[in-house]
Amino acid sequence: MSALGDNVLTTIANFGIWFVVFLFSLTFHEYGHALVAYMGGDRTAYHGGQVSLDPIPHVRREPFGMVLMPLISFFLAGWMMGWASAPYDPRWARAHPRRQALMSLAGPGANFVLAVLALGLLRLALALEWFVPPPSAGFARLVSTAQDSPSLLQPLGMALSIMLNLNVMLGLFNLLPLPPLDGAGVVEGLAPGPARRLYEKLSQNTALQFLGLLVAWKLFSLIQGPAFAAVLALVHPDVGYS
């Protein structure tokens, strides 16, 4: 097979790993929102099928954000971005602001759960010497396979690397207190009455939502580097990466 053919197969394989991890991470995020809303008395997402780890109801609600945008961003930039959403009843949120805050927090919290799981598995595999520290680390390459390890461990290492980094980044980004991100819902739910009503009104403004995303993206560019360095230090506490 030609080098071009090998490159195409590698790209397809990498896309498959990225997409499976990305789809599951978004699904788990929205499942967290939907489950906590359901437990708090709002059945809107439950009736929409979002209280589920099955990605189909979530994809059906946001096909562009969960399928097309990740595909486009991967082949244009080499990484994935996208979005998903779980419906809720605004009247329920207004009547139970603390529950709204918990619902908003549940999505990023779900991402951090996946990140901790991925970290634990990577540290275990390193202790078992299935993986070793790579010469240079990247978003999708926090570990390398040991010389005598089965070749199937290489995609596993890539999947766990992406799961850890992606979920840390998703959790941190969504916690920024700017509409339409989850952090705005947390602030809205915890703010005193008049401030909550003002924040709710601002959050419903489409122009301000767009502005909030632009500001959040700018702020996140300052957070991303230190967050990756922290992840790397947690995976390899005894290795100094510059």
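Aromatic pair Phe19/Phe74: centroids not less than 6.0 angstrom apart. If you look at Phe139 and Trp18, their ring centroids are closer than 6.0 Å.
Between the CD atom of Glu30 and the OG atom of Ser85 there is a distance of 6.0 Å, given to the nearest 0.5 Å. Separating the CG atom in Leu232 from the OG atom in Ser161 is a distance of 10.0 Å, to the nearest 0.5 Å.
The side chain to side chain donor-acceptor pair (under 3.5 Å) contacts involving residues 172-186 comprise His29-Asp182, His33-Asp182, where partners must be two or more places apart or lie in separate chains.
Val36 belongs to a hydrophobic cluster whose other members, connected by ILVMFWY side-chain contacts under 4.5 Å either directly or through intermediates, are Tyr88, Trp92, Leu102, Met103.
More than 12 heavy atoms of other residues, nucleotides or ligands sit less than 6.0 Å from atom CD of Glu62. Counting heavy-atom neighbours within 6.0 Å of Tyr46 OH, excluding the residue itself, gives a total of 12 or less. The environment of CZ in Phe210 is sparse: at most 12 heavy-atom neighbours from other residues, nucleotides or ligands sit within 6.0 Å. Atom CZ of Arg91 has 12 or fewer neighbouring heavy atoms from other residues, nucleotides or ligands inside a 6.0 Å radius.
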Could you walk me through whether Ile223 and Leu176 pass the side-chain contact (heavy atoms from CB on, under 4.5 Å) check?
CA-CA 11 Å; Ile223 299 170; Leu176 292 174; 4.0 Å; yes
Checking Leu181 against Phe173 for the side-chain contact (heavy atoms from CB on, under 4.5 Å) test, could you report, in this order, the C-alpha distance in whole Å, the side-chain angles of both residues, the deciding distance, and whether it holds?
CA-CA 8 Å; Leu181 302 177; Phe173 181 72; 3.7 Å; yes
